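Notes follow once the structure below has been shown.
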Number of protein chains: 2
Amino acid sequence: MASPTVENYLKALLSLSRERDTVTISDLSAELGVSKPSANSMIKRLHERGLLEYERYRPLRLTPAGKKQAALIVRKHRLTEMFLVQKMGFGWEEVHPIAEQIEHIDSPALFERMDQLLGSPDFDPHGSPIPDRNGNMSAKVGMRLSGCRAGDVVILMGLENSSPEFLNYLNEKGLRLDAVIKVEGREEYDGSLHVAYRGRELTLPRSTAEQLLVTRQFPAPASDSATR
Amino acid sequence: MASPTVENYLKALLSLSRERDTVTISDLSAELGVSKPSANSMIKRLHERGLLEYERYRPLRLTPAGKKQAALIVRKHRLTEMFLVQKMGFGWEEVHPIAEQIEHIDSPALFERMDQLLGSPDFDPHGSPIPDRNGNMSAKVGMRLSGCRAGDVVILMGLENSSPEFLNYLNEKGLRLDAVIKVEGREEYDGSLHVAYRGRELTLPRSTAEQLLVTRQFPAPASDSATR
DNA sequence: CTGTAAAGTTAGTACTATCTAACTTTGTTT
DNA sequence: AAACAAAGTTAGATAGTACTAACTTTACAG
Ligand SMILES: [Mn+2]
Ligand SMILES: [Mn+2]
Ligand SMILES: [Mn+2]
Ligand SMILES: [Mn+2]
């Protein structure tokens, strides 16, 4: 079993590698808020354990083993968030810091039970995909709302930003996952969007619309059981 | 926030002090399975933090602050066990190792929520009392079944031993908390008891009967709401 | 092609938590 | 009172994780 510290490094490496094509020690140290020498020495330990490909001065890349281990921690994190929201009544803006800790609990049974009680959810409360038991993670669903045109009717499927500030902002505006959003108009000047949903109307600045991942309404004849 | 290691030392000290009148470094090192020098050096750190009274070569005693901190960890442990059993369908023999980890989660909201969803339980799944929010812990309820006489009818309220082996033994025998047990007879030779409950009859060796804490049926007109 | 800034590394320190080996103190037994 | 065993302590080592300061390598701008 890896320490929580090691697990957080692995998660950060996975997350960074999904954002950029090449991940550096500077990226890692910034992401985790540690000094570059700290990141450097952890890098060496991960390399020794076969979790990271690494040569001096070269970019970092998780090995398949490292990637899998990281994804399984992400699985625990996201199952936990879903459990806290669905079964314990927490708001989506509250759960991340708790999951950040519970993801390090060593108990396959606990997370199996969460998964079962939740009906094997595919997405967490912020719309991010939950990796499967083998650590396979699908891509985020949806396109940015900012790319939609006037007249489009879309469903909010996920977020590019899950900071508590952003989530509280969405709470205030009554925007939740699954909201059906109609794009009433678009300000070509600055890219802001006039949208309507659940009887409300408002204007979203482009920067906000870029954080909202949506799909066209009735996107595919839906698989089978899984709802989000 | 104390580290999980420090928290485990505090809990061990509290637990030992409830078993014996004087607690030594040897007791502590045996309880936690660490060497005496390890315990010794931790002792010094706890003393510096004002959690432990300590003079060289003298027995150990938690300060009020140390006692309270320990009891609040026990509270988190026992609320977690209760949650796992009542809300997640775990068996009482499975929950201890999970609670041993979750007790270190730093999230007052998580444990408040558990407490609320459980209806502020007074006892954990093994019948041990759950300390209140101020760290006040009541004594274990009940007398040892081994002290009962033929003809007594009692209710199983708690256990002196919550090892998985013992819990699995009780599972096999169909003995659960709240079971109504009638003492059919007593072997004066070795102290074993013939008991009947839920349509079963069996003989309990004295050593087992000593681990079962019981009260006479209808022990007091019951407080008010709280059931166990 | 060279100078410089950014990135990366090394060295040295610190703190937690553990260990073993060796020593000291305490308390009990002869 | 001496001897001895148990308990406790100290010293010294190791591993993990962090830091700052100083140095080296890389990459890019001119
Ligand atoms: Mn999260
Ligand atoms: Mn974490
Ligand atoms: Mn327990
Ligand atoms: Mn613990």
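We name chains A, B, ... by the order of the sequence lines, and we start the count at 1 in each one. Owing to the predicted nature of the structure, the values given are computational and were not obtained by experimental measurement.
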Whole-Å distance separating the CG atom of Asn40(B) from the C1' atom of dT25(C): 13 Å
Side chain to side chain donor-acceptor pair (under 3.5 Å) partners of Arg176(A), counting only residues at least two apart: none
Closer than 4.0 Å, any side-chain N/O of Thr24(B) to the OP1 or OP2 of dA7(D)? no
Does a side-chain N-to-carboxylate-O contact under 4.0 Å join Arg144(A) and Glu210(A)? no
Length of the CD-P vector between Glu55(B) and dT9(D), whole Å: 11 Å
Taking only N and O in the side chain of Ser26(A), is any of them less than 4.0 Å away from OP1 or OP2 of dG8(C)? yes
Let's go through Val214(A) and Ile155(A) carefully: what are the C-alpha distance in whole Å and the side-chain angles of both, what is the deciding distance for side-chain contact (heavy atoms from CB on, under 4.5 Å) to 0.1 Å, and is it a yes or a no? CA-CA 5 Å; Val214(A) 300; Ile155(A) 299 182; over 6 Å; no
Which pairs, protein N/O on one side and nucleotides 13-17 of chain C N/O on the other, fall under 3.5 Å?
unit_1  : atom_1 : unit_2   : atom_2 : d
dA17(C) : OP1    : Ser3(B)  : OG     : 2.4
dA17(C) : OP2    : Arg45(B) : NH1    : 2.4

Rounded to whole Å, how long is the line connecting atom CZ of Arg56(B) with atom P of dT26(C)? 9 Å
Which whole-number value in Å describes the distance from Ile25(A) CD1 to dA6(C) P? 18 Å
May I ask you to evaluate whether Lys36(B) reaches the phosphate of dC19(C), defined as a side-chain N or O under 4.0 Å from OP1 or OP2? no
Output yes when at least one side-chain N/O atom of Ser35(B) is less than 4.0 Å from OP1 or OP2 of dC19(C), else no. yes
Partners passing side chain to side chain donor-acceptor pair (under 3.5 Å) against Ser26(A) (at least two apart in sequence or in another chain): none
Arg58(B) CZ to dG8(D) C1', in whole Å, measures 12 Å
Give a yes-or-no answer on whether the side chains of His96(B) and His77(B) include a donor-acceptor pair shorter than 3.5 Å. yes
Between C1' on dT18(C) and CG on Asn8(B), what's the gap in Å once rounded to a whole number? 14 Å
Rounded distance (nearest 0.5 Å) linking atom CG of Asp132(A) with atom CG of Asn136(A): 4.5 Å
Residues forming a side chain to side chain donor-acceptor pair (under 3.5 Å) with Lys68(B), sequence neighbours excluded: none
Listed partners of Thr24(B) passing side chain to side chain donor-acceptor pair (under 3.5 Å), at least two apart: Asp27(B)
Under 4.0 Å: is that the gap between some side-chain N or O of Tyr54(B) and OP1 or OP2 of dG8(D)? no
Is it the case that the side chains of Asn171(B) and Trp92(B) hold a donor-acceptor pair, with the cut-off being a distance below 3.5 Å and no angle test? yes
Atom pairs, protein N/O to nucleotides 21-25 of chain D N/O, distance under 3.5 Å:
unit_1  : atom_1 : unit_2   : atom_2 : d
dT25(D) : O4'    : Tyr57(A) : OH     : 3.4

